[in-house]
Amino acid sequence: MAGRSDLALPSLLLYLTAYTVTNLAAFAVTCALPQRRTLGSYRGLGTRRPLLIAALVVALLGFVGTPPTAVFVGKLTTATAAWDGGHPWLAIAVLLNSVLSLFYYLRWIAPAYGRGDPEGNGGPRAPRSASASSATAVVLATSTLVLGAGAGLGWDLLALR
């Protein structure tokens, strides 16, 4: 990446770790809701499954790169390392990608908290693994918030090396 910045590798590792945790949280939400395959099928789930949908919202906001998620910190430090390393175009690409992703990721939030019953409400009961997936989603979403909020402390410890 940005060869002249000594923060490039730690920034990239932070971003990859944060993105992995966030992606696993989103995947766990979909595993907890195996019968939900369309945007419309998430309608109203924010009131029926508030913790699960909150975990989805955290994951989606993480993908966009909003604070206080760990992905935000990873994107910010990676873009800063690229800029400092003499690659401003790469830092701008990170910013533009985040702006463009707003449309894709945020369009899930309004239906989830909207009124109405989700499509397929009377469908088959979710398997037992759905509760484990729900717990996993909540733990991972909480982790991305904790990692994001605690990144300053971690970064300070990294700078002491």
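Quick caveat, the model's predicted, so the values are computed rather than measured.
Linking Ile, Leu, Val, Met, Phe, Trp and Tyr residues whenever their side-chain heavy atoms come within less than 4.5 Å leaves Val94 and Tyr104 in two separate clusters. Follow the hydrophobic side-chain contacts under 4.5 Å out from Val146 and you never reach Val139; the two are in separate clusters. A chain of hydrophobic side-chain contacts below 4.5 Å, direct or via other Ile, Leu, Val, Met, Phe, Trp or Tyr residues, connects Leu39 to Val57. With hydrophobic clusters built from ILVMFWY side chains whose heavy atoms lie under 4.5 angstrom apart, Trp108 shares a cluster with Val71.
Of all the heavy atoms in Ala137 and Ala25, the pair that sits closest is CB-O, 3.7 Å. Heavy-atom minimum distance, Thr66 versus Phe72: O-CB, 3.4 Å. Here the closest heavy-atom approach between residue Val58 and residue Ala141 is recorded as CG1-O, 3.5 Å. Considering all non-hydrogen atoms of both residues, Ser133 and Ala32 come closest at CB-N, 3.6 Å. What you find for Ile53 and Ala112 is that their closest heavy atoms are CG2-CB, 3.6 Å. For Thr47 against Pro50, the heavy-atom pair with the smallest separation is O-CD, 3.9 Å.
For an aromatic pair to be called close, the ring centres must be under 6.0 Å apart, and Tyr19 with Phe63 satisfies this.
With hydrogens and angles left out, the side-chain atoms of Thr144 and Thr22 include a donor and acceptor closer than 3.5 Å.
Checking Leu45, Val29, Val138 one by one against Leu52, the side-chain contact (heavy atoms from CB on, under 4.5 Å) holds for a single residue, Val29.
To the nearest 0.5 angstrom, Leu60 atom CG is 10.5 Å from Arg107 atom CZ. To the nearest 0.5 Å, atoms CG (Leu13) and OG1 (Thr17) are separated by 6.0 Å. Taken from CH2 in Trp83 to CD1 in Ile92, the straight-line distance is 5.0 Å, to the nearest 0.5 Å. Atoms CG and CG, from Asn23 and Leu16 in turn, are 11.5 Å apart once rounded to the nearest 0.5 Å. A distance of 13.0 Å separates CZ in Arg36 from OG1 in Thr30, rounded to the nearest 0.5 Å.
Two residues are said to be in side-chain contact when any heavy atoms from C-beta on lie closer than 4.5 Å; Ser41 and Thr38 meet this criterion. Between Tyr15 and Thr78 there is a side-chain heavy-atom pair separated by less than 4.5 Å. Looking at heavy atoms from C-beta onward, Leu106 lies in side-chain contact with Leu61 at the 4.5 angstrom threshold. Between Leu33 and Tyr42 the shortest side-chain heavy-atom distance falls below 4.5 Å. Residues Leu51 and Ser134 fail the side-chain proximity criterion, which asks for heavy atoms closer than 4.5 Å.
At least one donor-acceptor pair closer than 3.5 Å links the side chain of Lys75 to the backbone N or O of Val64.
Atom OH of Tyr113 sits in a crowded spot, with more than 12 heavy atoms from other residues, nucleotides or ligands closer than 6.0 Å.
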